[in-house]
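Read through the structure below, which is laid out as structure tokens, and then see the notes.
This is a predicted model, so every value here is computed, not measured.
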Amino acid sequence: MAVLIELTKEYGYVVLVLVAYAFLNFWMSFQVGKARRKYKVFYPTMYAIESENKDAKLFNCVQRGHQNSLEMMPMFFVMLLLGGLQHPTIAAGLGALYTVARFFYFKGYATGVPDNRLKIGGLNFLAVFGLIFCTASFGINLVIRETL
């Protein structure tokens, strides 16, 4: 039995949060590019080696801030888009929190002190767990609707 899903007007906020995160990702990639020039770490080198570059840790922290955001992005996008089908305003709010927290996660990491990423940026974990619950709720409701 098929389930018809109607997209509400509020789902537009979910889509706009996704777009905001895309812009954040572009911004982070530009920051890595600037760090490559500043610390002289050229492509295709992913990470600087401390024995070869005195600024390796500074560059690597900028690179890791972006790389970690890329690693989390698929899960964030899926949880945001699916959880937002049933809970659009909650998912959009959690997605906005995630996006802002990821900005601070990156900025903290880019200081060269990895622990700084968690000061405000650690809130991204709270937001993603909230999105996981929204998506789980959506999945459970689909299963329950199918069996009724």
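For the pair Ala91 and Gly83, the tightest heavy-atom approach, listed with the atom from each and the gap, is CB-C, 4.1 Å. Taking every heavy atom of both residues into account, Gly108 and Thr111 meet most closely at O-OG1, 2.6 Å. Across all their heavy atoms, Ala92 and Val17 have their closest contact at O-CG2, 3.4 Å. For Gly112 against Leu58, the heavy-atom pair with the smallest separation is CA-CD2, 3.8 Å. Nearest heavy-atom pair across Asp55 and Asn53 is N-OD1, 2.8 Å.
To the nearest 0.5 Å, atoms CZ (Phe59) and CD (Gln63) are separated by 4.5 Å. Taking CG from Leu123 and OH from Tyr98, the interatomic distance works out to 12.5 Å, rounded to the nearest 0.5 Å. Separation of atoms CD (Gln31) and NE2 (His66) is listed at 10.0 Å; rounding is to 0.5 Å.
Side-chain N or O atoms of Ser69 include one that pairs as donor or acceptor with a backbone N or O of Gly65 at under 3.5 Å. The closest donor-acceptor contact from the side chain of Asn60 to the backbone of Ala48 lies under 3.5 Å. No donor-acceptor distance shorter than 3.5 angstrom exists from the side chain of Asn25 to the backbone of Tyr21, with no hydrogens or angles considered. Between the side chain of Thr135 and the backbone N or O of Met79 there is at least one donor-acceptor pair closer than 3.5 Å. Thr45 places no side-chain N or O within donor-acceptor distance of the main-chain N or O of Val41, the cut-off being under 3.5 Å.
Side-chain atoms of Phe104 and Lys119, non-hydrogen and from C-beta on, never get closer than 4.5 Å to each other. A 4.5 Å side-chain heavy-atom check between Tyr11 and Leu85 finds at least one atom pair inside the cut-off. Inter-residue side-chain proximity for Asn116 and Tyr109 is flagged as unmet; no heavy-atom pair is nearer than 4.5 Å. Within the 4.5 Å cutoff, the side chain of Gln67 has heavy atoms near those of the Tyr47 side chain. Put simply, the side chain of Tyr13 does not reach to within 4.5 Å of the side chain of Pro88, judged on heavy atoms. Annotation: side chain of Ser29 is not in contact with side chain of Lys34 (no heavy-atom distance under 4.5 Å). Contact check for Glu71 versus Arg64: side-chain heavy atoms found under the 4.5 Å cut-off.
For Asn124, the side chain to side chain donor-acceptor pair (under 3.5 Å) criterion is met by Arg102, not counting sequence neighbours.
Cluster annotation: Ile132 is connected to Leu94 through the hydrophobic network of ILVMFWY side chains, with a link wherever side-chain heavy atoms come within less than 4.5 Å. Linking Ile, Leu, Val, Met, Phe, Trp and Tyr residues whenever their side-chain heavy atoms come within less than 4.5 Å leaves Phe30 and Leu24 in two separate clusters. Linking ILVMFWY side-chain heavy atoms closer than 4.5 Å, directly or via other members, places Leu16 and Leu82 in two distinct hydrophobic clusters. No continuous path of hydrophobic side-chain contacts links Phe133 to Ile140 [ILVMFWY only; heavy atoms under 4.5 Å]. Tracing side-chain contacts under 4.5 Å through hydrophobic residues (I, L, V, M, F, W, Y), one reaches Val100 starting from Met73; they form part of the same cluster.
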Could you check Lys40 against Glu52 for salt bridge (Lys or Arg N to Asp or Glu O under 4.0 Å), going step by step and ending with a plain yes or no? CA-CA 11 Å; Lys40 296 177 179 37; Glu52 298 173 6; over 6 Å; no

Show, in sequence, the C-alpha distance, side-chain angles and deciding distance for Phe76 and Thr99, and conclude whether the side chain to side chain contact (heavy atoms under 4.5 Å, CB included) test is met. CA-CA 10 Å; Phe76 169 60; Thr99 301; 4.1 Å; yes

Report the C-alpha distance between Asn68 and Tyr105 in whole Å, list the side-chain angles of each, state the deciding distance to 0.1 Å, and finish with yes or no for side chain to side chain donor-acceptor pair (under 3.5 Å). CA-CA 10 Å; Asn68 184 261; Tyr105 185 95; 3.3 Å; yes

Does the side chain to side chain donor-acceptor pair (under 3.5 Å) test come out yes or no for His87 and Ser137, once each step is laid out? CA-CA 9 Å; His87 307 285; Ser137 170; 3.0 Å; yes

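The number of heavy atoms from other shown groups lying within 6.0 Å of CZ (Phe42) is above 12. Heavy atoms of other residues, nucleotides or ligands lying less than 6.0 angstrom from CZ of Phe77 number more than 12. For CZ of Phe129, the number of neighbouring non-hydrogen atoms (other residues, nucleotides, ligands) closer than 6.0 Å is 12 at most.
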